[in-house]
Protein chains: 2
Amino acid sequence: MFSQSEENYIKAIYHLETISTKGISTNAIAKKLTTKASSVTDMIKKLSEKEVVVYKKYQGVTLTDFGKKVAANVVRKHRLWEVFLVEKLNFSWDEVHDVAEQLEHIKSPKLINEIDAFLGFPTHDPHGDPIPDKEGKINIIEKSLLSTLLKNESGICVGVNDSSSEFLQFLDKKGITLGKQITVLEKEDFDNSVSIIIDNKKMSISNKIANNLYIKKS
Amino acid sequence: MFSQSEENYIKAIYHLETISTKGISTNAIAKKLTTKASSVTDMIKKLSEKEVVVYKKYQGVTLTDFGKKVAANVVRKHRLWEVFLVEKLNFSWDEVHDVAEQLEHIKSPKLINEIDAFLGFPTHDPHGDPIPDKEGKINIIEKSLLSTLLKNESGICVGVNDSSSEFLQFLDKKGITLGKQITVLEKEDFDNSVSIIIDNKKMSISNKIANNLYIKKS
DNA sequence: AAATAAATTTAGATAAGACTAAAAATTTTA
DNA sequence: TAAAATTTTTAGTCTTATCTAAATTTATTT
Ligand SMILES: [Mn+2]
Ligand SMILES: [Mn+2]
Ligand SMILES: [Mn+2]
Ligand SMILES: [Mn+2]
């Protein structure tokens, strides 16, 4: 059994490993969890004792297979709770994160399995992120950042790279929600913004936005 | 904001106050939370600082109005989650307690209000206990222990005095569930057992059981 | 290849919450 | 009402999870 704090560290390392392939640095973990590097060093020593991570001084950490399973299970719970909040309790996709951050630590295998069934075994959370199965396996779909699409390419919005409520509310305001079709009309070299069409509406999207919106090309 | 541990102490004192009217003793709290009296003394000093309880050395504690509100809110969450688990997630009434014990500490006013609405604003939990409203008010219904009913009196099962899974599973086995009508056919002076009829079935109920089952007389 | 900068670890503190053992206060019993 | 028993509090320790400041190691520049 792991404490809430341990679970948060394990999950942070898991997420960082999806970005870089090398060992995860103390500083990267500290930044992700808004804590201090010295606290991270203490914790990874403990996680190393518990065989959750492999740790060599000054070399960063890597999750063991066991650690990956633990992490995937926390992520599974986090994302299932997010689906529950949006689908059943009228939360919007920008309101769910902090609550899911708490709910993900509830210990009860039956609870999470029943939630899964109650929701009809969803495969993705409200932000388009895949939900790991009980074994920790995830089904990765092919997706591209909007900023990488070429002129005249089109596809479906399937995810976001930034789950901050500011960004999500901005997308809401623009009418950009997951599942909608987007076509790139024009790319501006000047500021790397893109002109798109969505719901028959033309709009200009800044590079900052286009860099945080995932499209499944079609 | 209160920690999980603080909330557990506050709730324990709240429950103990429904039994005795005097100040709640250190030992009583320690027993309820299966901790040591010295730990309780430490905690009630802190709760006193925070104006949740009134505390005078060696005299036990009493919840302040503020403390009562905090407690009722935790109880509200506990009981609403229990209803959710039973009504929506196929938990039986003897499986919900430990999970609700964790869920009651989740901090999100929106979450609990939405759960309340999602469940249709239930007034009682699966064990027949009343659910406090947002202000902490509870609606107490008139109920009597089965052991206090006289021969030929009858009523509806409305609650239990013992929520242990052993007791609840025993009731399940006997076919005794909340909402059912019970009539007392006979009372045995010998061992204080009662003969009852429920669902047209006659059965003998020991005093231990009769002392833990609440009936609303009719 | 030094020197400098950055990242990481160690050492020492702090706070919450729990425990044991001992002291003090209260209650019960004789 | 004095002695004994019980309850409660205090003192000191421990664990977990933080932090700051200093020391050490690694990486980057000249
Ligand atoms: Mn979390
Ligand atoms: Mn998400
Ligand atoms: Mn609890
Ligand atoms: Mn209950």
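Just so we're clear, the structure is a prediction, and the values are computed from it rather than from any experiment.
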With A:Glu51 via salt bridge (Lys or Arg N to Asp or Glu O under 4.0 Å) - residues at least two apart: none
Where protein sits on nucleotides 21-27 of chain D, one letter per nucleotide: B base, S sugar-phosphate only, - none, heavy atoms under 4.0 Å: ---BSS-
With sequence neighbours excluded, residues passing ring-ring contact (aromatic ring centres under 6.0 Å, His included) with B:His97: B:His78
Whichever of A:Thr35 and B:Ser39 has its nearest DNA chain D nucleotide further upstream toward 5': B:Ser39
Distance in angstrom units between B:Met43 CE and C:dC19 P, rounded: 11 Å
Counterpart residues, ring-ring contact (aromatic ring centres under 6.0 Å, His included), relative to A:Phe84 (two or more places apart): A:Trp81, B:Phe84
Partner set under ring-ring contact (aromatic ring centres under 6.0 Å, His included) for B:Tyr214, not counting sequence neighbours: none
Residues in salt bridge (Lys or Arg N to Asp or Glu O under 4.0 Å) contact with B:Glu188, at least two apart in sequence or another chain: none
Residues in contact with DNA chain D, drawn from residues 23-30 of chain A - heavy-atom cutoff 4.0 Å: none
Nucleic acid contacts of residues 2-14 of chain A, taken as heavy-atom distances under 4.0 Å to DNA chain D: A:Ser3, A:Ser5, A:Tyr9
Gap between atoms CG and P, on A:Asp42 and C:dT10 respectively (whole Å): 9 Å
Atom pair distance, as rounded to whole Å: CG in A:Leu47 and C1' in D:dT16: 13 Å
Phosphate contact (D:dT10 OP1 or OP2) by B:Lys45 side-chain N/O below 4.0 Å: yes
5' priority, DNA chain D, between B:Tyr55 and A:Lys36 [closest heavy atom]: B:Tyr55
All pairs passing side-chain hydrogen bond (donor to acceptor under 3.5 Å, both in side chains) where residues 141-151 of chain A contributes a residue, at least two apart: A:Ser147-A:Asn211, A:Lys151-A:Glu186
Salt bridge (Lys or Arg N to Asp or Glu O under 4.0 Å) partners for B:Lys45, two or more places apart: none
Short side-chain N/O contact to D:dT9 OP1/OP2 from B:Thr41, under 4.0 Å: yes
Inter- and intrachain pairs under side-chain hydrogen bond (donor to acceptor under 3.5 Å, both in side chains), touching residues 18-40 of chain A, at least two apart: none
Lys/Arg cation over aromatic A:Phe118: B:Lys88, 6.0 Å, 45° cone: no
Set of residues satisfying salt bridge (Lys or Arg N to Asp or Glu O under 4.0 Å) with respect to A:Asp129, sequence neighbours excluded: none
Basic-acidic side-chain contact under 4.0 Å: A:Lys11, A:Glu101: yes
